[in-house]
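Structure, as structure tokens:
One-based numbering, in listed order, for ligands and for the atoms of each.
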Amino acid sequence: MHRTSPQASLLQDTGFPSASSPPASASRASRGALIDQDRDHLVHPVAPWRAHEQRGVTVLESGQGCMLRDIDGNELLDAFAGLWCVNVGYGQESVVMAAMEQMRRLPYATGYFHFGSEAAIRLAAKLVEISPASLQHVYFSGGGSEAVDAAIRFIVQYYNNTGRPSKKHFLSLQRGYHGSSSTGAGLTALPAFHRGFDLPLPSQHYLPSPNPYRHASGDAQAVIDDSVAALRAKVAELGADNVAAFFCEPIQGSGGVIVPPRGWLKAMQDAARELDILFVVDEVITGFGRTGPMFACQDEGVEPDLMTLAKGLTSGYVPMGATLLSEKVYAGIADGAPAGAAIGHGTTYSAHPVAAAVGLEVIRLYQQGGLLANAQAIAPRFAAVLDGLADHPLVGDVRHRGLLGALELVSDKASKRGFDPALGLADLIGRTGYGNGLVFRAFADNILGFAPALCLGERECELLETRLRKTLDDVLKLPEVRSALAG
Ligand code: PLP
């Protein structure tokens, strides 16, 4: 299918099978066996289980830079960096070496009972150095959901230990995503994460999304003012003595890449401070250069009480998440607990040394390796690719910040009406894109999400441009789509 070479200067040489080496595809027989075994045994996250069995798995085989190859030898531009996580791109040899070296020397060290490892200690110090000044302490976990879960548990402990045990209600945004742990999935405000799981809890509440496209006026200041007013109103309704914290993503990712106006995050922080509730920024997607700066909240000088990280922390090479705490929250927990008593939160793999070694190397690539600078330099070109599709008959809205972007498809641009879910447009467009050598996220409500690796180059932007336009054109040619369009 399509062939391209990754941006050489931002990628080191690797022993991996690359997108330009001959396909090492599985034989037809083993391919069939794999698909059967998947159907029989592997439970896929956030998938319709029976529909997945019928459809069959798409097996990915290798990657280099922004390019992927599947088991059939198809070459694909991955415009979603895996699951918005492979920020350094595939095939970074120095990351592999860092993991290998740590595995050889010490593959595991517990953080329990006062043990630790050099890599984890250095990574904690590095995160404190590069994150907002308010954040001074780091708890490591296995991923984003665990990081959010730890944040919730720490907040509960904080208020109990500081003599305000009534502060138990949590606020987040409609269409927010904060993972799928048994409590965190209730801060997530997407129906699939609640249905059949008895969520949200009575202590979990949502505020409207700061979505300029769906706002009555679309005026930036009005969007900000309405959000602040909604926060104040909800806290007044519940009583400030009962509200613990407000969780938000600086840009809502899984809810459809909703980009609030600049100034929104700072205004929400200021209101939360005034209302005496903790302000938690979930930068699992927006962290590590995704929106331009190292962390999105640094764009507005925001200093959260807690911050959750994952994905770009290790660029998906190994699993890891982190919960960063302010001195106030850390000290409140530490000093309010009975002297010598353990704070009973932890997992076997907290502060895993291999993940920490990978994290340190990945951050080196963002900084000294030039990836952050490259992402900032190429962002206007990425934006231009998406903006160039604004006049396409299917596109209602284009939004982006840094290397995070979305197209929202509508059936009627004037009324901003979406499509009948029975049309299955998201699945259709995802498959058409794949057939055109392009991977992106097709959300159920026909929002297309893009988050390419930070090693994105001009060549990949050209591929994105041509393959995305062709995908939209191909879908537009389908009679059922044409007839759904207004006028
Ligand atoms: N928080 C945000 C903002 C996320 O986008 C995600 C995952 O997409 C999570 C938390 C959960 O992270 P994980 O999937 O690593 O558990």
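Each of Gly143, Gly144, Ser145, Tyr177, His178, Gly179, Glu249, Asp282, Val284, Ile285, Lys311 has a non-hydrogen atom positioned under 4.0 Å from some atom of ligand 1.
Residues passing the side-chain contact (heavy atoms from CB on, under 4.5 Å) test with Leu201, sequence neighbours excluded: Thr183, Leu199, Ser203, Gln204. For Asp38, there are no salt bridge (Lys or Arg N to Asp or Glu O under 4.0 Å) partners at least two apart in sequence or on another chain.
In this structure, Phe295 has its ring center closer than 6.0 angstrom to the ring center of Phe288.
Remark: the backbone N or O of Glu249 is not paired with any side-chain donor or acceptor of Asp282 at under 3.5 angstrom.
Ionic pairing of Lys416 and Glu408 is not present here: no N-O contact between side-chain nitrogen and carboxylate oxygen is shorter than 4.0 angstrom.
Applying the side chain to side chain donor-acceptor pair (under 3.5 Å) test to every pair with at least one member in residues 286-296, sequence neighbours left out, gives these pairs: Asn87-Arg290, Glu283-Thr286.
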